[in-house]
Amino acid sequence: MPKYKNIEIPEKGKRITVKNKKLVVPAKPIIPFIEGDGIGRDIMKATIRVVDAAVEKSFKGKKKISWMEVYAGEKAFDVYKEWLPNETVDAIKHYYVALKGPLTTPIGGGFRSLNVSLRQIMTLYACVRPVNYYKGVGSPVVHPEKLDVVIFRENTEDVYSGIEWKKGTKDCKKVINWLNKNMKTNIRADSGLGVKPISVTGTKRLVRKAIQFAIDNKRRSVTLVHKGNIMKFTEGAFKDWGYELAVKEFRNKIVTEDELWGKYKGKMPKNKILINDRIADSIFQQVLTRPDEYDVLATPNLNGDYLSDACAAQVGGLGMAPGANMGDYIGLFEATHGTAPKYADKDVINPSSVILSAAMMLDYLGWVKAGEMIRKTMQKTIDKKTVTYDLHRQMKGAKKLGTTAFADQLIKNMR
């Protein structure tokens, strides 16, 4: 058992392990959690209560999570005098599955983003964002119920790699001069520069995870989203490598869009998953106008960031959007919104994003019954119009609840 300076390991819990490339989950797994900054203090408390109730009611006491607090962000700085302690990263790696509240980006703390740092340090290469509608929630579109997608966004490459040079610096001038001289480019001297790496490795492991998810969950299609008509050797390559992976590793389970129309005359064969692709700007308008035609979306980093928030806007906003950052085995499940410090400790914020992320976590553990109970209870509670302020202002005749009271209502509505 590892020893930590400031992390208290639960006495009764056991560690999740990996055997034959699959998670082995004990009846009382130790799950690290990061409370989060700002509103994290409110929403994480509510979430743990809801999750514990769902597990208890689903499994009649035979299963139980042993929660273990680990630190990042402001609370970590208070405890360790650093924003992202090594033992927090080590603990998540060791226990494989964790839950995280929103984190601030420290000013002068040496990190562009704590969230990005966690993803890169632990090789959490897939940001997974399911987006679907809960009936009764306000929406800017006419038929939000038609949107039911799961976005797999590559998490470690693209312009988020952080390889860039500030305008006017010695290094920036050096790079510009070298490119203009040796590569015959025509970059203006007053430019800032950034590098956009997209690799075979990063692309294929992301697309592999998306297709396997589609197979495991009986989804209809996986769409490769790219801007390859312009960026041919990065995003165009993402598309090409995605198709290569699909055909090589999943040949008996997939049909490409070319094959659908050429070989099958437009009629999808049974028990197959369609692999197609769409240009990034096209998919943005199609998830508005034809959302029911899309299912699982696999995207490079920047496109996926925009697209996941744009989809979430149709179903009630980021307050209703769950998410996870995943590697081969590690799953870090998290709220998708920010820290909203002006609302911290006021017990008013909607905890649904992190609660639904925790439901994803339960699915990942194989405790699907408990995850489904949370989602059904969420719908039941919205049906009763007992909601937090962000949903209350969009619903006629609703009762406004605080964070704690909303969690109470969720627990009360569990069967």
Side-chain angles (χ1 to χ4, degrees), residues 125-133 139-160 196 198 202-214 217 219-247 250 254-261 266 268 272-318 320-324 336:
Y125 56 82
C127 179
V128 184
R129 295 276 296 270
V131 186
N132 61 286
Y133 181 62
S139 171
V141 299
V142 177
H143 291 291
E145 72 282 356
K146 290 185 178 182
L147 182 68
D148 182 6
V149 298
V150 182
I151 298 169
F152 279 72
R153 164 193 167 199
E154 203 289 319
N155 231 357
T156 65
E157 300 187 322
D158 202 353
V159 291
Y160 282 46
K196 178 189 177 75
I198 289 183
T203 297
K204 288 193 172 182
R205 67 188 179 186
L206 183 278
V207 175
R208 181 184 296 115
K209 204 168 192 70
I211 295 175
Q212 190 61 58
F213 173 88
N217 293 275
R219 308 291 291 212
R220 296 172 290 119
S221 66
V222 176
T223 301
L224 307 170
V225 178
H226 62 93
K227 191 62 178 168
N229 57 328
I230 304 300
M231 292 172 276
K232 300 181 185 300
F233 306 126
T234 51
E235 301 210 10
F238 177 90
K239 178 199 71 172
D240 294 339
W241 294 331
Y243 275 120
E244 286 176 13
L245 180 282
V247 171
F250 299 95
I254 65 98
V255 172
T256 68
E257 192 164 35
D258 285 346
E259 292 168 344
L260 173 63
W261 295 104
M268 191 68 191
K272 301 282 187 179
I273 291 170
L274 175 65
I275 308 295
N276 58 10
D277 71 275
R278 295 292 181 269
I279 301 295
D281 45 322
S282 173
I283 197 72
F284 268 83
Q285 62 94 16
Q286 290 193 36
V287 293
L288 286 167
T289 59
R290 298 151 63 181
D292 49 342
E293 293 184 16
Y294 297 96
D295 199 338
V296 177
L297 306 173
T299 82
N301 205 332
L302 182 62
N303 289 338
D305 198 0
Y306 292 154
L307 189 59
S308 55
D309 282 14
C311 287
Q314 297 185 49
V315 299
L318 294 180
M320 295 297 297
T336 57

Who passes side-chain contact (heavy atoms from CB on, under 4.5 Å) against [X], sequence neighbours left out?
X	answer
D277	L224, H226, K239, Y243
S282	I279, Q285, Q286
Y306	F284, L302
K209	Y125, A126, F152, M326

Closest heavy-atom contact between [X] and [Y]?
X	Y	answer
L206	A298	CD1-CB, 3.9 Å
T234	M231	OG1-CB, 3.3 Å
C311	L147	O-CD2, 3.5 Å
I254	A246	CG1-O, 3.7 Å
A312	R129	CB-NH2, 4.4 Å
V222	A214	CG2-CB, 3.7 Å

Got a second to check how far [X]'s [atom1] is from [Y]'s [atom2], nearest 0.5 Å?
X	Y	atom1	atom2	value
T256	K272	OG1	NZ	11.5 Å
T223	I151	OG1	CD1	11.0 Å
Y133	K146	OH	NZ	13.5 Å

**OP:** Apply the test side chain to side chain contact (heavy atoms under 4.5 Å, CB included) to residues F250 and Q212: give CA-CA distance (whole Å), side-chain angles for both, the deciding distance (0.1 Å), then the verdict.
**Re:** CA-CA 9 Å; F250 299 95; Q212 190 61 58; 3.5 Å; yes
Side chains of [X] and [Y]: does their closest heavy-atom pair fall under 4.5 Å?
X	Y	answer
D305	Y160	yes
P291	V149	no
R205	T156	yes
V287	Q314	yes
R220	L274	no
I198	W241	yes
I273	D295	no
R278	E257	yes

Original post:
Is there a donor-acceptor pair under 3.5 Å between the side chain of T336 and the backbone N or O of G323?
Top reply: no
Original post:
Applying salt bridge (charged side-chain N to carboxylate O under 4.0 Å, His left out), which residue pairs with at least one partner in residues 221-233 are found, sequence neighbours left out?
Top reply: K227-D281
**OP:** Give the intermediate values and the outcome of side chain to side chain contact (heavy atoms under 4.5 Å, CB included) for residues L245 and I211.
**Re:** CA-CA 10 Å; L245 180 282; I211 295 175; 4.2 Å; yes
**OP:** Only counting residues at least two apart or in another chain, list the ones meeting salt bridge (Lys or Arg N to Asp or Glu O under 4.0 Å) with D240.
**Re:** none
Original post:
Of T299, N301, D158, which meets side chain to side chain donor-acceptor pair (under 3.5 Å) against R153?
Top reply: N301
